[in-house]
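Predicted model, so just to flag it, every value in this text is computed and none were measured. Quick note on labels: first sequence line is chain A, next is B, and so on, each numbered from 1.
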Amino acid sequence: MTSATAKLTSKDFQSDQDIRWCPGCGDYSILANVQRVMPELGVPRENFVFVSGIGCSSRFPYYMNTYGMHTIHGRAPAFATGIKASRPELSVWVVTGDGDGLSIGGNHLLHTIRRNIDIQILLFNNRVYGLTKGQYSPTSRLGMRTKSTPDGAIDHPIDPIAFALGAGATFVARTVDVNAPHLQEMLHRAHAHRGTAFIEILQNCPVYNDDEWIELEDRKKRVEASLVLQDGEPLVWGAEDQRRGIRIGDGIPSVVSVGADDPVGKGVAIHHERYETPAYSFALASLQRPEFPLPIGVFRAVEKPSYERSLAQQVTDAVSERGEGDLAALLHSGDTWTVDK
Amino acid sequence: MSSKPKESIERVAIRFCGDSGDGMQLTGTKFTESTALAGNDLSTLPDFPAEIRAPAGTLAGVSGFQIHFSSADIRTPADHPDVLVAFNPAALRANVDDVRSGGMVIVNSDAFNKKSLLRAGYSEDPLPAIRDRFRTLEIPVTSLNREAVKGLGISSREGDRSKNFFALGLMFWLYNRPMEPTLRWLAGRFKGDVLEANTRVLKAGYAFGETTEVFPSSFVVNRAKIQPGTYRNITGNTALAWGVVAAATQMKRPVFLGAYPITPASDVLHEVARYRHFGIKTFQAEDEIAAISSTIGASFAGHLAITTTSGPGMVLKQEALGLAVMTELPLVVVNIQRAGPSTGMPTKIEQTDLLMAFYGRNGESPVPVVAAATPGDCFYTVLEAFRIAVTYMTPVIMLSDSYLASSAEPWPIPEIESLRRTDVEFRTEVEGFAPYLRDPETLARPWAIPGTPGLEHRLGGLSKQDQTGNVAYDPVNNERMVELRAEKIARIANDIPPVEVFGPERGDLLLVGWGGTQGAITSAVEEAQQDGRSVSSIHLRHLNPFPGNLGEVLGNFEKILVPELNTGQLTSLLRAEFLVPAQVMSKVQGQPFLIEEIRGRIEAMTDKKKSSKKKDRK
Ligand code: SF4
C-alpha cells in the first residue's frame with residue numbers, strides 16, 4: 001500500500017466538481033490544506049471517508065476525491081460513528097460548522113466526543129449561518145445584529161473548545177483557515193491521535209461576517225492577538241521586546257508582562273497537553289479577545305480507549321470465549337420439544 | 001400421580017393477574033414452558049402496566065399474563081379467559097369482566113382485606129357478587145405459602161415473594177402439566193434457602209390441588225396434532241432478534257444494529273447485543289436520529305444495517321430515512337408499533353403507523369413496507385426485509401406491533417438449509433463504474449464500499465444526476481430520478497409471492513388484514529365459513545408494493561372488509577389504489593381484536609346460507 005500512497009499528491013484528492021463557495025471564503029484555504037495533508041498521512045486514498053451535515057462547510061466532501069457522504073443537518077458525527085464502528089480500518093473525517101455542529105447537531109457532537117471514537121472532527125467556526133443567508137449562530141457574539149436579530153443577539157455564545165472539553169474530549173485544538181503551516185500541523189496531529197480529535201478552525205465568511213477573525217488571520221496582528229500553544233513551553237506571546245505571559249493561579253488566568261525576562265521566574269504557566277484533569281485546558285479555553293490573546297494549537301491530547309476498538313475487542317473476545325456463532329445452536333437453545341410423525 | 005379423576009377438555013385459557021411485584025409474568029412464562037412441553041398448541045399474551053412501579057395494590061399496578069392452550073389448532077390468546085387467577089382485589093377488579101360467563105375465578109383470599117379492597121376502589125367486598133357469576137375458589141395463598149416456607153432462614157418478605165409459585169404449582173396440578181422444567185429452572189437460578197423455599201412452595205401448591213376438597217377432578221388437554229418437527233416457544237421480539245442474527249449468517253455479512261431504548265422495541269436491542277460472537281455490532285445511540293444515522297453510515301461501509309424503534313422514534317427517523325432513499329443504501333427500519341398519538345399508551349397495541357411508513361417523509365420518497373403476522377413470523381419477515389434491502393439497494397420498513405412483540409407461540413424451528421440465502425455483492429470493477437448506474441432488471445445501483453480502490457464517490461441528499469449521481473438541479477432530470485426511484489420499488493412486486501386466499505377464491509365477503517391481527521381474523525373467518533357463510537380472507541405481508549395479484553383477488557368479492565387497529569389506513573390505501581369499496585373495521589382501544597368482534601361484523605355483512613353445509617364445501 002505504501003508504494004501506492006507514496007505517489008499520491010494533493011491533486012489526487014481533488015474531485016471533478018466545481019467548487020461553489022463564495023469568492024474569498026475561508027473554506028477554500030481549508031480545502032487546499034486538507035488536500036495537501038492527505039497524501040502525507042500514509043493512508044490509501046480509498047480508505048478515507050469524509051462526512052458532513054448541512055451548511056456551507058458541509059459541501060466539503062463533494063470536493064474531495066475520496067469516499068464521502070453529505071448527510072443531513074447536524075447528524076454527521078452519527079453517520080461517521082456508524083462508518084467507523086463498523087469499519088475501524090477507515091480514516092473518517094467529519095466536516096461541520098458552528099450551526100451544524102453546535103446548534104442542531106450539538107447532541108451528536110457531545111456524544112461522539114464522549115465515546116472517543118477514532119475520527120477527526122473539523123468544525124469551521126465563522127460565527128454565522130452562511131447557507132441560510134446570515135442568521136446569528138451559537139458562537140455569534142452577544143449583540144450581533146443579523147436578519148434574525150435586528151436588535152442584536154441576546155443569547156450567550158458557546159465556545160467550541162470549552163464545549164469539546166466539557167464533553168470529555170481527548171484531543172482538542174484550534175487553528176486558523178489561512179494559517180497554512182499551523183493548519184497542516186494540526187491536521188497531522190489530529191490524524192495521529194487515537195480517539196476523537198476535535199479541531200476548531202476559525203474561518204472567515206466574507207459575505208455575512210467578514211473579518212470576524214482578522215486579528216488571527218493577519219500576519220502582523222496575530223503576533224499580538226494569538227498565543228501559539230506548544231507542549232512544554234511557557235504561555236508567552238507578543239513581539240520580542242514586549243512579550244507577555246499567562247499566569248494561572250487558582251485556575252484563574254491573568255496576564256503578566258515578561259519582556260526579556262525568564263517567563264518561568266515570572267510565574268508564567270508551562271503548557272502541557274497531557275494533564276489528566278481538563279481544568280487547565282478549561283482555563284486556556286477561557287482566554288478570549290480582547291482581554292487575552294486567543295490560543296491556537298493543541299489544548300489537550302490524552303489517551304483513552306476508543307469506542308470502535310473496544311467494540312471490536314468485544315466481538316473478538318466473544319468469539320474466542322464462545323466460538324463463532326452457530327445459528328442452528330441458537331435456534332435450538334433453551335427448552336424445545338419434538339413432535340414425531 | 002393424582003388419584004382424583006381426570007376430565008378431558010379441548011382447550012382452556014387462563015389469565016394470571018396480580019400486582020406488578022407479584023411475579024405474574026414469570027408465573028405465566030413458566031406455565032407456558034410446561035404447556036409447550038406437554039405438546040399443546042398455545043398462544044400467550046402478557047399485559048404489563050405502563051408504570052415501572054405503580055403503587056402496590058392499585059389498578060394502575062396490575063400485571064397480567066394470559067395463556068390459551070389446546071389439543072386443536074389455535075391462533076390467538078382467546079377472547080375470554082376460562083380461568084382467572086387473581087392475586088389481589090385490584091387484579092380481580094381489572095380483569096374479572098373479561099372472564100367467560102360461568103368460568104372459574106381463583107382468588108388469594110388473604111389479600112382481600114379492608115385496606116386492599118379500598119386501594120382497588122371497592123367500597124364493599126366484591127366476592128359475594130363474584131360467587132354468583134363464576135365458580136369462585138377462595139384460597140388463602142399467602143398463609144399456605146408461609147406455612148410451606150416455615151423454618152427456613154429467609155425473611156418473611158422474601159418468603160412471601162414465592163407465593164406466585166404456590167399458584168403455579170396448583171395450576172400445574174389442575175391441568176396436569178409437568179413441574180420438572182420449572183424445578184430445573186429454579187435449581188439453575190437460586191441457591192440455598194431461597195431455592196428450597198421456591199421448590200417447597202411449588203410442590204405445596206401441587207399437593208394442595210391433590211388433597212383439597214375444592215377440586216373434585218383435574219383436567220387433561222391432549223397433545224395437539226401439529227406438524228412433526230422440533231418446536232420452541234418464541235415471542236415476536238425474540239424471533240425478530242434471531243432473524244437479525246440469521247441475516248448475518250445467511251447473507252455472510254456482519255450486522256450493525258443502532259437503536260435507542262424505547263418500549264416495546266428495546267428487547268430486540270437487548271437480545272441482539274448478546275450475539276457479538278456472530279460478528280454483530282450493536283450501538284446504543286444518543287437518540288433515535290443518531291440510531292438511524294449510524295446505521296446508514298454502517299450501510300455505506302458495507303454492513304447489514306438495521307435500526308429498531310417504535311412510533312415516536314419512527315417519527316424522528318424519517319428525515320434520515322429520506323436520505324437513505326436518496327442515497328439508495330440498504331437498510332432495515334423496524335417499527336414495533338404502539339398506541340399513539342404522541343406517547344400514547346406505550347405498552348398497548350395499535351397499527352396506526354402504516355401511513356407514516358408510506359408517506360411520513362418529505363418529498364416523493366417511496367420505501368418498501370413489510371409486516372409480520374405472528375410472533376414467529378417476525379423471524380422470516382426481517383429476513384425478507386434484508387433481502388429486499390440488499391437486492392434493490394433501498395431502505396425497507398418492517399412493521400411489527402406491541403402484541404406480536406410480547407406474545408408467544410410454539411414455533412417450528414426451521415432447518416438452516418431451508419432458509420433463503422441472499423448473496424451480497426459489492427462492486428469492485430473500476431471500469432465503467434458510476435454510483436447511480438442501475439441493474440437493468442432491479443434498477444438497483446451498485447453497492448461500492450469505502451476501501452475499494454478506484455470507486456471513490458460521494459453520496460448525499462441533494463438532487464442527483466442520473467447515473468453519475470453528481471449534484472444536479474436540472475428539472476427534467478429531477479423528475480426522471482423521482483420516477484426511477486418509484487419504479488425500482490414498484491418492480492419489487494415481480495419478486496414477491498402472490499397473495500393467497502384463505503377460503504374460496506370468490507364470494508360475498510373478503511376480509512383483508514395485515515400485521516398481528518392475522519390470528520383473530522383467520523379464526524373468525526374460519527368459524528363463519530363453518531357456519532356456511534361466503535367469506536374468505538387474505539393477509540398481506542408485503543404492503544409496499546402490494547403483491548401483483550391483489551387487485552384481481554379484490555375484484556372477486558362483492559364486499560371487502562378491512563379489520564385494522566387504526567381508523568382505516570390500509571382501507572384508504574386499497575380504495576385509492578384499486579378503486580374498490582373497502583370498508584374499515586376499526587378498533588383503537590390499545591387491545592387486539594376479539595374473534596367474536598370480527599365474527600359479529602362478518603355476520604352482519606353476510607347471510608347464513610342454509611344450503612351450504614360444512615361437508616359440501618371444498
Ligand atoms: S456564505 Fe460565507 S461561509 Fe458560506 S460560502 Fe459564502 S463566504 Fe463561505
Side-chain angles (χ1 to χ4, degrees), chain A residues 4 15 17 44-52 54 61-62 64-73 75-87 89-90 107-108 110-112 311-312 314-315 317-319 321-325 327-328 330-332 334-341, chain B residues 33 36-37 39 181 223 226-233 242 245-246 248-250 254 256 258 275-281 283 285-287 289-290 293-303 305 319-320 323 327 413-414 416 450-462 470-471:
Chain A
S15 79
Q17 299 296 294
R45 187 178 64 176
E46 64 272 15
N47 278 7
F48 283 109
V49 186
F50 276 78
V51 187
S52 66
I54 297 291
Y62 286 120
M64 293 293 297
N65 189 13
T66 63
Y67 285 92
M69 275 191 110
H70 177 222
T71 71
I72 52 176
H73 205 10
R75 324 296 176 196
F79 287 88
T81 296
I83 295 168
K84 185 71 182 181
S86 60
R87 301 272 308 278
E89 75 275 20
L90 299 174
N107 193 35
H108 308 301
L110 162 71
H111 290 281
T112 302
L311 183 60
Q314 288 190 346
V315 171
D317 291 349
V319 172
E321 276 162 31
R322 303 164 70 181
E324 282 215 16
L327 182 63
L330 170 65
L331 300 187
H332 285 86
D335 283 332
T336 64
W337 66 97
T338 300
V339 176
D340 299 321
K341 285 194 190 100
Chain B
E33 280 169 13
L37 291 175
R223 302 181 81 85
I226 34 185
Q227 284 284 316
T230 301
Y231 285 76
R232 65 172 310 114
N233 214 32
W242 290 6
V245 178
T249 65
Q250 297 308 97
F256 182 92
Y275 304 117
R276 296 245 194 278
H277 59 306
F278 283 87
I280 293 175
K281 290 178 177 171
F283 170 61
E286 58 271 25
D287 61 24
I289 298 170
S293 299
S294 63
T295 57
I296 296 172
S299 167
F300 181 55
H303 275 46
E319 186 198 7
L323 179 72
T327 52
I413 301 173
I416 305 301
T452 316
L455 301 188
E456 290 85 352
H457 65 282
R458 277 64 56 195
L459 295 177
L462 288 169
N470 288 335
V471 177

Please check if atom CD in A:E324 has more than 12 non-hydrogen atoms from other residues, nucleotides or ligands closer than 6.0 Å.
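Incorrect, the count does not exceed 12.
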Spatial distance of atom [atom1] ([X]) from atom [atom2] ([Y]) [nearest 0.5 Å]:
{"X": "B:D287", "Y": "A:H108", "atom1": "CG", "atom2": "NE2", "value": "4.5 Å"}
{"X": "A:N65", "Y": "B:H457", "atom1": "CG", "atom2": "NE2", "value": "11.5 Å"}
{"X": "B:N470", "Y": "A:Y62", "atom1": "CG", "atom2": "OH", "value": "9.0 Å"}
{"X": "A:T81", "Y": "B:F283", "atom1": "OG1", "atom2": "CZ", "value": "5.0 Å"}
{"X": "B:E456", "Y": "A:M64", "atom1": "CD", "atom2": "CE", "value": "11.0 Å"}
{"X": "A:W337", "Y": "B:T230", "atom1": "CH2", "atom2": "OG1", "value": "10.0 Å"}

Quick check on the interface: out of [options], who has the most heavy-atom pairs with chain A under 4.5 Å?
{"options": "B:G39, B:A290, B:G229", "answer": "B:G229"}
{"options": "B:T295, B:I296, B:T327", "answer": "B:I296"}
{"options": "B:G461, B:A320, B:G460", "answer": "B:G460"}
{"options": "B:P414, B:A248, B:A301", "answer": "B:A301"}

Please classify the contact of [X] with chain A as side chain, backbone, both or neither, using a heavy-atom distance under 4.5 Å.
{"X": "B:L455", "answer": "both"}
{"X": "B:E33", "answer": "side chain"}
{"X": "B:L459", "answer": "both"}
{"X": "B:L323", "answer": "side chain"}

Do [X] and [Y] have side chains that get closer than 4.5 Å, going by heavy atoms?
{"X": "A:M69", "Y": "B:F300", "result": "yes"}
{"X": "A:L327", "Y": "B:Q250", "result": "yes"}
{"X": "B:R276", "Y": "A:D317", "result": "no"}
{"X": "A:E46", "Y": "B:T452", "result": "no"}
{"X": "B:Q227", "Y": "A:V339", "result": "no"}
{"X": "B:R458", "Y": "A:S15", "result": "yes"}
{"X": "A:N47", "Y": "B:P450", "result": "no"}
{"X": "A:E321", "Y": "B:H277", "result": "no"}

Top of A:L311, A:L330, A:I83 for chain B proximity - count of heavy-atom pairs under 4.5 angstrom
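When all of A:L311, A:L330, A:I83 are compared, A:L330 has the most.
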Can you tell me which of A:A318, A:A80, A:G325 forms the most heavy-atom pairs within a distance under 4.5 Å of chain B?
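Of A:A318, A:A80, A:G325, A:G325 has the most heavy-atom pairs under 4.5 Å with chain B.
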Could you go step by step and tell me if B:N233 and A:D335 meet the side-chain hydrogen bond (donor to acceptor under 3.5 Å, both in side chains) rule?
CA-CA 8 Å; B:N233 214 32; A:D335 283 332; over 6 Å; no
For the residue pair [X] and [Y], what are the closest heavy atoms and their distance?
{"X": "B:F256", "Y": "A:G82", "result": "CZ-CA, 4.1 Å"}
{"X": "B:I413", "Y": "A:T336", "result": "CD1-CG2, 3.8 Å"}
{"X": "A:S86", "Y": "B:A298", "result": "OG-CA, 3.7 Å"}
{"X": "B:R232", "Y": "A:H332", "result": "NH1-C, 3.8 Å"}
{"X": "B:G451", "Y": "A:L90", "result": "N-CD2, 4.2 Å"}

Can any side-chain N or O of B:K281 pair as donor or acceptor with the backbone N or O of A:A85 at less than 3.5 Å?
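Yes, the answer is positive, given that a donor and an acceptor are paired below the 3.5 Å cut-off.
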Non-hydrogen atoms of chain B under 4.5 Å away: do they reach the side chain of A:Q17, the backbone, both or neither?
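Interface part for A:Q17: side chain.
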Relative to chain B, which segment of A:V315 carries a heavy atom at a distance below 4.5 Å: side chain, backbone, both, or neither?
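For A:V315, backbone and side chain are both near chain B.
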Go through the steps to decide whether B:W242 and A:L331 satisfy the test side chain to side chain contact (heavy atoms under 4.5 Å, CB included), and finish with yes or no.
CA-CA 8 Å; B:W242 290 6; A:L331 300 187; 3.5 Å; yes
